[in-house]
Structures are given as structure tokens and as C-alpha cells.
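One structure is given below, encoded as C-alpha cells.
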Amino acid sequence: MNVVANGALARARGANRRGSTSAVALEGADIPVAILGFLKPKTPAMAVQRAMLLLLVVAVIGLAIANPVFRSPANLLNIIQQASMVGVIACGMQLMIISGGFDLSVGATAAAAGCLAAYVSLQMGVPVGIVAGLVLGVAIGSVNGSIISKIGVNPFVATFGTQAVITGVMFAMTNARPIAPLPEAWRELGFYNIGGLTTSSMVFLATIFAMYLLLRFTLFGQHIYAVGSNKIASRRSGVRVDPVIIAVYAVGGLTAAIAGILLTSIAGIGSPQAGTTWALLSIAAVVIGGTPLSGGAGGISSAVIGIFALTVLNNAMTLYSISAFWQPAFMGAAVLIAVGYEASRRRRKA
Amino acid sequence: MLQAPSHKSAKVVRLTPLLSTSGISKNYDGVHALQDANFHIAPGEIVAIMGDNGAGKSTFVKILSGAHPASAGSVEVDGLVTSFKSPNDARRAGIETVYQDLSLAEDLDVLSNLFLGREEFHVRFGGLSILNRRKMAARAADLLGEIGVNVPGVHDLVSGLSGGQRQGVAIARAAGWGSRLIIMDEPTAALGLQETAHVHDIIRGLRDRGVAVLLVSHNMKQVLELSDRVYVFRRGRIVCNLTTNKTGADEIIGFITGARD
């Protein structure tokens with residue numbers, strides 16, 4: 001996304017230099033040039049993202065005008081809170097999808113990390129419990145990344161397998177029962193807020209910012225795009241492909257663990273049943289946000305747009321008392337439209 | 001299209017070749033893909049490799065580019081024996097390869113492709129090193145201008161470029177960084193007439209700057225037009241080393257098919 005947006009801008013400037021009549025008027029004006037870039041997306045995936053962003057903005061403005069409850073600060077903060085846990089995972093998923101893969105085990109990893117953090121906190125306190133949960137997340141992610149890069153198993157099979165192993169081990173060890181009661185410090189963490197912005201909301205916003213910096217400015221971010229776009233070319237150019245992939249999944253596992261620990265802090269229990277829908281929700285968010293599953297493209301904006309589109313939809317359905325059973329149907333339709341549009345445009349181009 | 005080889009007579013071939021091989025062999029599971037290959041190339045020289053499919057050309061090229069180790073024999077760079085364990089080793093010795101598939105990351109822009117694996121930084125800190133895109137963009141524009149590659153802009157995605165422009169980017173990536181030998185595998189196989197002519201100009205430009213070019217090609221017209229010398233491979237052996245302006249298509253084809261020995 002970052003690379004692409006720059007390109008669109010540069011092209012708009014290029015049009016300026018060539019002196020086409022429509023562009024001459026924009027000489028030296030950065031904002032109109034940016035708008036020109038926005039209206040002429042470079043790739044079908046970018047077009048999906050623009051359309052979804054437009055739809056989201058229109059929906060939010062429309063709902064804010066039509067419904068006083070929706071526009072109340074408490075509800076807007078609530079939307080961020082509701083988006084936060086799957087949102088953190090979607091940020092990790094964004095990296096994995098750019099690298100050309102994805103991770104079906106994030107829900108199981110989140111539950112396992114949340115349970116381990118809860119269990120360890122009983123003996124050694126909450127901070128040590130949190131560290132243990134995070135370490136577990138990174139470890140599971142590294143195993144996923146190693147299976148995918150070193151052994152060459154495709155991401156679907158690899159993470160489907162680890163998901164089943166994690167869930168099985170966790171259920172066996174906990175007898176599928178929640179870990180409770182937990183130290184009071186958990187709930188203090190979960191319900192801490194600054195001006196209504198909860199811990200998990202703040203962690204979500206910080207994760208978005210960190211991932212933005214990572215993808216936009218660092219060598220690691222650059223190499224995630226390169227590996228996702230063309231693995232062989234990256235290797236030939238001296239990119240250390242395997243460590244990049246392992247690190248991507250380690251970061252993905254870390255975001256899953258963060259989400260699981262946040263859930264433990266809010267629920268006040270360590271639940272082995274948690275997060276069963278999170279993998280598919282977070283993949284859906286990234287795809288709806290306009291990132292192709294083929295890899296090499298997209299930005300953190302995809303995860304953010306996608307997760308807020310899903311959450312606002314949910315919120316609106318609650319406000320208008322529409323059955324929550326419709327939600328998966330809307331989500332599925334949005335995924336199909338996003339992927340279908342991108343695929344059809346790509347085929348027409350080829 | 002054929003141009004007179006006026007420059008060739010004036011060429012000074014240095015005593016020490018840039019790169020030479022002696023007795024290079026390669027076996028794959030007991031199959032002799034390449035036997036006793038003796039080869040040399042000097043700075044500013046365009047040397048072509050021709051031969052039928054399976055004659056050993058690509059095996060030889062893979063050994064020079066560091067993709068595969070040789071089973072026997074030695075490679076000398078500047079008269080010193082070296083061994084390449086990886087493409088990075090070959091690259092450090094100044095040997096770059098332009099692959100037939102071009103090996104470009106299509107979803108990335110021109111700039112990112114040119115600098116892939118050799119990024120410039122504001123701050124160095126492993127994977128968290130901060131990229132210096134401004135510096136890379138300026139150098140990329142210079143490099144493309146120097147080599148004579150026309151692309152709309154360094155921030156354009158490679159997926160939006162024409163075949164000729166992509167070839168240009170791939171060559172520019174190989175030619176930057178002070179490389180001394182560029183191996184090109186069928187550089188114009190996918191290109192139209194005009195684009196081919198442009199790529200030929202780029203190759204001559206490299207030669208004039210003292211870069212050695214190893215051209216793997218099936219295109220007889222291209223070989224006669226561009227190269228100073230031609231090595232013909234047949235059944236895993238180098239069967240001849242011809243000076244281009246003292247030979248012709250008939251003799252070369254004779255060696256390729258085995259009508260001559």
C-alpha cells in the first residue's frame with residue numbers, strides 16, 4: 001500500500017510534467033494530486049480498498065446522522081473496543097498475507113496464550129503470566145514459519161495442523177474448563193481506561209501504528225513484500241527468504257497471543273474455548289480491506305478498513321435490532337465481492 | 001539491422017582475462033552434464049554461448065553465477081582461483097546474472113526491485129534498519145539514465161511496465177553496483193523488434209564501459225551482431241571458440257549440430 005500510494009502520486013506528478021490539460025491546473029498542488037491518485041488506483045486490489053473505504057465512510061456518516069446512539073462517544077469508543085482483539089490479530093494476519101501466506105492457527109494460539117498467561121499468573125503473578133503467554137505465541141508462530149519455509153508445507157495445511165495440535169493439547173491439559181478465579185490484577189488491567197479508551201483499544205491502536213512503521217519504513221517490511229511477490233527472485237537477490245517468513249509468522253503468533261491475553265484480562269478467566277472464529281474473521285478483514293491473497297501487496301490500512309467495516313456493520317445491526325445471525329452472511333458476501341472483483345479485473349488485464 | 005563491427009579491431013584484450021575456467025565438469029547423479037570446459041572472457045568483451053538444448057550451456061552458466069558448485073575444475077577471477085558457493089559469492093566477485101524470467105518482484109516498484117537485497121539505510125539495525133528511499137530513488141534514476149533504460153518513473157510498479165522496460169530494469173539491476181561480468185540468458189527472447197534493438201544498445205553501452213557480457217542466446221543474428229567471440233557447446237563439451245568476425249552462421253551451425261568437429 002505504501003509503495004503503491006507513492007507510485008500513484010508519482011504518476012500523477014508525472015502526468016503534470018507531461019502537461020496534460022487536466023493535470024496542468026494541479027501544478028504544485030499536492031492535495032488535488034493526491035486525490036487524483038486516489039481516484040485512479042494502480043491495481044484491482046487497490047480499487048477494492050478504495051471502494052471499501054468509501055463505503056465505510058459513507059456508512060459511518062449516514063449512521064451518525066440517522067442514529068443519535070451511534071454517534072455518541074460511548075458507542076464510538078465501544079466500536080474500537082469491539083474491533084480491538086480481532087483487530088490486533090488482523091494486523092499480524094496482514095503481514096502473513098503480504099508474505100504470500102496466512103495462519104489458521106491464530107485463534108487456537110490466542111486461546112492457548114490466554115490460558116497459559118492465566119495459569120502462570122496464579123503462581124507467579126500477572127506480569128510473568130503475560131510474558132509467558134507472549135513467549136508461547138512467538139514460539140508457535142516460529143514453528144509455523146519453520147514448517148512453511150524450511151519444510152515447504154503450504155500455509156493452509158501447516159497452520160491447520162498446528163491449530164488442531166494446539167487445541168487438542170490445550171483441551172487435554174485444561175479438561176476444556178476455564179482457568180479461574182484469577183488474581184484481581186487481571187480485571188484491573190482489562191477495565192483500565194484513559195478517557196474511555198480501554199487497555200485493549202490502546203493496544204490495538206499501538207499495534208496498528210507499529211505495523212505501519214514496520215511495513216512502511218523497515219528492511220524487514222520491504223522484504224515481506226518482496227518475498228510475497230516473488231520468492232525465487234528475492235532469494236536470487238540475496239534476501240534471506242526463510243528467516244523473513246519465520247519472523248512474519250512469529251509476529252503473527254505474537255499478535256495472536258496479545259489478543260488472547262487481552263481477552264483473559266477482560267473476561268477475567270483463561271478460556272480454552274476462546275477465539276474459534278478469530279482466524280477466519282481476521283483473514284476476512286484483510287481481504288475485505290483490499291489485500292489480494294496472492295501476496296506482495298497491501299498495507300496495514302487493509303486490516304484497519306476491513307476490521308472496522310465488519311465491526312460497524314455489527315454495531316449497526318445491533319442498534320437496529322437485526323438478528324446477529326445475518327452477520328456471517330454479510331461478511332461472506334463482502335469477502336466474495338472483494339475477491340471476485342479483484343480476480344475478474346486481474347484476469348481482464350492479463 | 002546488422003551493424004558493422006568497426007569497434008572490434010580497436011579492442012585491446014588484456015593479458016589477464018577477467019574470468020577464466022579450466023577443466024570445469026559437472027555430474028548430476030552420474031550424468032555428465034558438462035566436461036572439461038575451458039573458457040575465458042576479458043573486460044569489455046561480449047562473448048556468446050550457443051548450443052542445442054541440453055548441450056551444457058545452462059549448467060555452465062549456473063556454475064559461473066554461483067547457483068551450482070562444479071564437480072571438478074577451477075574458476076579464476078583476475079587470475080586468482082575462486083570458488084562460488086552461492087550467488088552472493090559470485091556477486092561479490094562482480095558477477096551478476098540477468099535470468100531469462102528476469103526475476104523481478106512484479107508487485108514492487110522499479111526502485112525496490114533495483115535495490116532488492118542491497119537497500120540503503122538511514123539507520124542500520126538488522127531487520128529493523130530504516131530504509132532511505134530518497135537516496136535509493138536518486139541513485140535509481142541515475143542508474144537507469146546511465147544504462148539508458150526508459151521507465152516512466154522509479155516509483156512505478158513493475159507489473160505496469162512493458163517487456164522491454166522490464167528487461168531494462170533487470171539489466172540495470174545487474175549493471176549497477178560496479179559489476180564486471182554480466183551473464184544474460186536469452187535477453188531478448190520475449191521482446192519485439194524495436195525493444196530488442198534497444199536492449200542491444202544497452203548491451204553495447206555496457207561493453208563500452210568495460211563490462212564483460214556473457215550472452216546465452218539461440219538467436220544467430222543477435223550473436224553475429226553483438227558478440228566478439230562465440231563458444232559452441234555440444235553434448236556437455238565446449239567444441240569451439242570462434243572469433244565472430246572470422247566466422248559465420250554456417251560454421252557456427254555446423255558446430256552446433258555436429259556437422260563439424
Side-chain angles (χ1 to χ4, degrees), chain A residues 1-15 17-18 37 42-46 98 100 210 213-241 243-244 247-248 251 291-292 294-298 346 349-350, chain B residues 62 65-67 86-92 96-99 101-134 136-137 140-141 151-161 166 169-170 173-174 177:
Chain A
M1 157 61 195
N2 43 19
V3 177
V4 178
N6 269 349
L9 218 72
R11 194 172 57 166
R13 291 207 176 100
R17 272 200 301 278
R18 282 192 293 277
K42 285 210 131 167
T43 62
M46 291 299 295
I98 293 172
L213 295 179
L214 192 70
L215 286 174
R216 179 74 182 83
F217 296 108
T218 70
L219 177 65
F220 178 44
Q222 177 80 359
H223 283 180
I224 297 174
Y225 284 99
V227 168
S229 182
N230 190 336
K231 210 173 282 184
I232 296 168
S234 299
R235 194 167 276 137
R236 283 173 175 166
S237 300
V239 175
R240 295 168 67 224
V241 172
V244 168
V248 164
V251 172
T291 293
S294 46
R346 193 186 282 249
K349 209 175 128 193
Chain B
K62 278 173 186 162
S65 67
S86 75
N88 278 338
D89 288 349
R91 190 169 292 146
R92 267 190 285 276
E96 290 279 345
T97 307
V98 180
Y99 295 90
D101 69 7
L102 301 187
S103 276
L104 296 170
E106 300 228 333
D107 306 286
L108 273 57
D109 58 7
V110 171
L111 155 73
S112 301
N113 271 285
L114 286 175
F115 280 86
L116 189 55
R118 359 166 99 109
E119 293 80 1
E120 298 278 354
F121 304 109
H122 287 296
V123 181
R124 270 186 169 279
F125 190 71
L128 298 180
S129 300
I130 308 298
L131 298 169
N132 189 342
R133 286 191 205 275
R134 188 180 298 246
M136 288 193 275
V151 294
V154 293
H155 292 294
D156 277 42
L157 299 189
V158 168
S159 59
L161 301 182
R166 287 174 201 216
V169 171
R173 178 170 66 181
W177 336 114

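Scope of the values below: all heavy atoms of this structure, side chains included, with no hydrogens, waters or symmetry mates.
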Check: B:Asp101 versus chain A, heavy atoms under 4.5 Å apart: side chain, backbone, both or neither?
Finding: side chain
Notebook entry, point to check: Can you tell me how far CZ of A:Arg216 sits from CD1 of B:Ile130, rounded to the nearest 0.5 angstrom?
Noted result: 11.5 Å
Note to self: Side chains of A:Arg236 and B:Ser103, heavy atoms from C-beta outward: is any pair under 4.5 Å?
What the structure shows: yes
Check: Which one of B:Asp109, B:Leu116, B:Leu108 satisfies the side chain to side chain contact (heavy atoms under 4.5 Å, CB included) criterion with A:Tyr225?
Finding: B:Leu108
Item checked: Closest non-hydrogen atom pair, A:Ala226 against B:Ala105 -> O-CB, 4.5 Å
Item checked: Student check: side-chain heavy atoms of A:Gln222 and B:Leu131 closer than 4.5 Å -> yes
Note to self: Any heavy-atom pair between the side chains of B:Leu128 and A:Leu219 that's under 4.5 Å?
What the structure shows: no
Checklist line | Side chain, backbone, both or neither of B:Arg118 within contact of chain A (heavy atoms, under 4.5 Å) | finding: neither
Notebook entry, point to check: B:Gly117, B:Ser65, B:Pro87: which one forms the most heavy-atom pairs within less than 4.5 Å of chain A?
Noted result: B:Gly117
Margin query: For B:Phe125, which atoms come within 4.5 Å of any heavy atom of chain A: side chain, backbone, both, or neither?
Written below: neither
Notebook entry, point to check: Of the non-hydrogen atoms in A:Asn230 and B:Leu104, which two are nearest, and what is the gap between them?
Noted result: ND2-O, 3.0 Å
Check: When rounded to the nearest 0.5 angstrom, what distance separates CZ in A:Phe217 from NE2 in B:His122?
Finding: 9.0 Å
Margin query: I'd like to verify something: which residue of A:Pro292, A:Ser234, A:Ser237, A:Pro243 has the highest number of heavy-atom pairs under 4.5 Å with chain B?
Written below: A:Ser237
Checklist line | Which atoms of A:Leu213 approach chain B - backbone, side chain, both or neither, heavy atom under 4.5 Å | finding: neither
Margin query: Could you report the tightest heavy-atom contact between A:Ser229 and B:Asp107, atom names first, then the distance?
Written below: OG-OD2, 2.7 Å
